[in-house]
Amino acid sequence: MAEKIGVYFDKSSIGPYLDLEALAEAVKNKWSSQCPVVSLEDKLASQEGKQKIQQDIDNGTIDAVCVCGTSPRFDSEFFDFGPKVPVARTSLREHCVLAYDDPDGKSLEPGQETPEPLQALARDYVNMSVTNLQKTEPPEGEVLETEKRVLVLGGGWTGLNAALSVADSGYEAVVVEKEQELGGYAAKLYKTFPLSAPYEEAQFTGVDRLIESVQNHDKITVKTGTTLQRFDGQPGQFQATLKGGSGEEELSVGSMIVATGWEAQDTKYVEPLGYGKHKDVVTSMQFEEMAKKGEIVRPSDGKKPSSVVFILSFRSLLDEIVKEEEAQKAKEAEERAKLEEEQSDEEVAVEETFKKTESYRHLAFTNEITSLNSLKQARYVREFLPESLAYIVYEHMTIPGLNEHYYKAAQDDTGIMLTKGEVTSVYEEGNGSIVVRAEDTLIGDDIEIEADLVVVPTGLVPTTALDPVIKLAYRQGEAFPELELFDGFADSNYICFPYETRRTGIYAAGSVRQPQTLPRSAEDASGSALKAIQCLESVNRGMSVHPRSGDLTYPKFNFVRCTQCRRCTEECPFGALEEDAEGTPKPNIARCRRCGTCMGACPERVISFDNYSVGQIGSMITQVKVPDEFELGGPRILVLACENDAYPALDMAALRGRKWSPYVRIIPVRCLGSVNTIWIADAMGKGYDGALMLGCKYGDDYQCHFMKGSELCDRRMKNIGETLGRLGVEIERVQQEQVAIDDYDLIPDLINDFVDNIYKIGPNPFKGF
Amino acid sequence: MSQPVRVRPDLEFVQELQAAGGHDLKKCYQCATCSVVCPLSPMDRSFPRKEMVWGQWGLKDKLVTDIDMWLCHKCGQCSEQCPRGAKPGELMGALRNMAYRDLVGPKFLGRWMSSVKHLPKLIAIPAVIYLIVWLITGSIHGTPFPLENGEIVFGLIFPGDFSIDPIFGLATLFVLWTFYKGVRTIFAAYEAQPKTFVLGYHKPRSLLSSFWQVIKEEVVTHKKWKDCGEEEEDETKFKGHLVLFYSFVALFIVTSVVAVTHWGGKILPFLHMGYPMPLWNPVKILANIGAIALVVGLIFLTKRRLNVTKKDESAYADWYLLGVIWVVALTGILSELLRLSGVAGLAYPVYFLHLVSVFMLIAYLPWSKLGHLVYRVAALTYARYMGRVSTEIENKQNKVFVL
């Protein structure tokens, strides 16, 4: 608990727009015993400023710092005094001075008397910061014994590269491969698309050398013919149960890289092209096998084909399958919706059985690979049979990046013909050859090509679409949750955190997360290896791994008051909470991402963080001075803004000259998921006229950094709507809006529209009580 | 929908196309920037995009019967804007080159005209003919450089009635017959093409009225040349070709007048004119103006062609034609000047070269780039007649892209 708080005002960041002397006076009067230091500094965000504060700390004068100046998103390098000294930042610049929209329309003039709404705003914010510090404990991270070993699941191209990255960085790697040989599909290729400049020729993969490096590395242990049976524990202290030739064994690891790659898409999707019916219609994978063996011949009669047609586009032929699958999906969605209605709103259904998510769409997702493959294999035709022709009929020729050189080189071959078009029929003609009919071609006509051999594309289906793979012994299930959102890919849904998954300590790389070429997969391997190492080096210091990297706090439970309602264990997006026989939660701190969703869920408020708790925010809310009537100082609206997208958007709006009503009081929260409904009750009870929650987008294409937070908040707010209604409080007073980080220009309207609406509804009926 | 076309790519044809000028055609990836940029392409089945993919697929039948190769006037904007450097303009040029070569036999002529290694043979034909004439007439006069009253008279060595008119007359008839066959071939091919119906466009009543429209609206004004672009090179091209064209017209008029008055004069004596013509003779004045204009036009066009740009590449066929016309112009002017200066030892040889070069220009006309004189006009005529016109005519708006 902070008992001696130093309050420092940064004159340079606020300028002559706020009466800082008056503000300091008010603080001294209100907090005389708690704040031994209240000072105005010329330029606080500087080495000198930092030293001044450090001196006050070293003298023992203060044990916590309240900085009043810029937003907490700036100048943090000057205001870090070690984990034992809590710091609160009051955003007087962005949220007071810059965003101030005078109710009378007057503009702020320097040196003039500060308008009262602005002064009241600043006063409230400073008081809230002091209150915040009073309810803050310096965090002590829970340091865990960490196994500095990374489990690499999958011994293919990605897994091998990942293991090398891990081992070359000084950590142990264990490669677990279910087949007897390492190398995966890379070992089955004849050649691959270019790996190096000038990117014009297909090359041998070099996977043999890769396998050798792995086998010879002293920090890598290889277990082939081995599968993962069970994965339990938490980051730093995972227990993997492996089953191999010599039976079962237990392995302790600190983190895991999932590099289990892909399986070929079910051939039923290419049956409309004659696969299975005509012997001379083969898949791309089968064609590759032919090339690897050293000769390309027709399966029917062993003769060399004089023309080979590669089909990439056959939309209309898939129509029936697509309709079937879409109908099936719709039916399942309906059933699920019915189930959700029948259950009580507080319970969240947990999927018990693993559902496969392979669909027709996986062929389209594999676009880059199938496009490149068609070029590569067309050149095989020309390599093995210089007199033969190769045709490619495509819908898209998706060749990103440096492979454009490869595309050009393939085009340059006179024997390779490409056209956009749609294959509408593949049929056999009397003399044993096959005719491919394509419509809407670039040639201008519908065309028919006589083919001796037809090659149909192979879609890459991630292993996680077909099998749980990670075999977690977590209460929330053995597989990654909600994989159907990503069509089965072990995807993080964030371009900025590509290797992350919804299970802390487990990182995905390679085609299991997105169909990728070998060079991309190698990059992925390095990236995920770095993440896996970051995990080890955070957990061993008691810090959160990601996205609140370096956070020493963790949720603490007062189990005495727990009623075993299970809301926290079910709602935790990361499965961090197991439960005992009675249903009391068992936290696994290393799995936790410190979002506070559990804190927001708990109706008994038993969960808190050292520097972020229900009581703390509740006190901040009630610290604000609420006028008894609108005419006496305007309404008061609480804005809870999540620190990931909404709060930065607010800052950006302010810095770009956008302004909003001075009657809102903004409190940053870790995630809207951490918003406990008691805060709304506190606000309404105190006389606030409205509560607006600003958080990340949710839904299928969510941006919530903690996956479910804003969605859960929305659901909880809908629930309390009933309660509020019964109390005579209009439900319009409590709203949630979705804000993306680049929506900053919408912020002022969002806030001001809400304020206008409050004016319409009128003051809180409980005001003044 | 129409019946699907059974494609049978001709790989050799692809290689032929590449050799004839479309060497970068495989680079095209069908983005259609060329067709969008082209100021002359009609909106439906536009060119040169489809020609590029037909070329890549070796669809010979479609290409050799394509009227669009003549609608293209080689402004080069497509090559300039092509993001891949596939140079569609060069492919269109290659198609024309192959048309000159292959439309009408004898096949060896087309082949000889396609490469510089055959040039000596092409020169040899008229050179040998006129050397023989020179030997004969030289021995009659007892000297290779005879004088009449101290004056150089080219007719002494190369008498018009016996050595020039018959040979050139035959050559001209041969050329006219060749063109007739060529135009008939292409018209037959175009007859088989799908017709276009353009709202608001009134098709000409007959081929003749269509032809007249082409002459009136395009040839005389060189209107389409203004769509080539806004660069200096485009301005140079326009001026050069306009001047060159009208110099040809002038010289054609002069030659025709001489032919008519000479042969007509044998029946109607009042038509007769004396040769060489005196300088103050209006026909001679026109001839001299024409000659100077010819050189001016040549300077413009040669200057432009020497400046290598993205729009246009120069190949053998281009230099051959320019070269021959240069020789015609310079030897022509030089002959006159040397004759007037009385340098017989140089005048006669230069005149000999003049005859050789004029023969090469005329006799090989249908197989040279100058074949466009007839083929393009014929194709433009037919295009208007069948309704295949550029967007400008469809919309009565200017479709010029200034980039």
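A, B, ... follow the sequence lines: proteins, then strands. Residue 1 opens every chain.
- Other residues, nucleotides and ligands contribute more than 12 heavy atoms inside 6.0 Å of the CD atom of Q203(A).
- Using cut-offs of 30° and 60° for the angle between ring planes, the Y382(B) and Y385(B) rings count as perpendicular.
- Contacts with chain B (heavy atom to heavy atom, under 4.5 Å) involve these residues of residues 394-411 of chain A, listed by number: E404(A), Y407(A), K408(A), Q411(A).
- With a 4.5 Å cut-off on non-hydrogen atoms, L25(B) does not touch chain A at all.
- Within a 6.0 Å sphere centred on NZ of K292(A), heavy atoms belonging to other residues, nucleotides or ligands number more than 12.
- Along residues 448-456 of chain A, the residues that come nearer than 4.5 angstrom to chain B, judged on non-hydrogen atoms, are E448(A), I449(A), E450(A) in order of number.
- More than 12 non-hydrogen atoms from other residues, nucleotides or ligands lie less than 6.0 angstrom from CD of E429(A).
- Counted within 6.0 Å of CZ on R315(A), heavy atoms from surrounding residues, nucleotides or ligands total 12 or fewer; the atom is thus considered open.
- When heavy atoms are compared at a cutoff of 4.5 Å, T419(A) approaches chain B by way of both its backbone and its side chain.
- Using cut-offs of 30° and 60° for the angle between ring planes, the F187(B) and Y190(B) rings count as tilted.
- Of the listed residues (K420(A), E439(A), R437(A)), the one with the most heavy-atom contacts under 4.5 Å to chain B is R437(A).
- Listed for the T458(A) side chain is a donor-acceptor partner under 3.5 Å among the backbone atoms of M285(A).
- Looking only at distances, a side-chain donor or acceptor of W367(B) sits under 3.5 Å from a matching main-chain atom of V104(B).
- Centroid-to-centroid, the aromatic rings of W112(B) and Y100(B) stay 6.0 Å apart or farther.
- Ring geometry for F310(A) against F287(A) counts as perpendicular: the plane angle is over 60°, on a 0 to 90° scale with 30° as the lower cut.
- With a threshold of 4.5 angstrom between heavy atoms, W54(B) approaches chain A through side-chain atoms but not through N, CA, C or O.
- Residue K279(A) qualifies as open at atom NZ: its count of foreign heavy atoms under 6.0 Å is 12 or below.
- Contact annotation for V7(B): both backbone and side-chain heavy atoms come within less than 4.5 Å of a heavy atom of chain A.
- Proximity to chain B (any heavy atom under 4.5 Å) is restricted, for L389(A), to the side chain, taken from C-beta onward.
- Ring-centre distance between Y185(A) and W157(A): not below the 6.0 Å cut-off.
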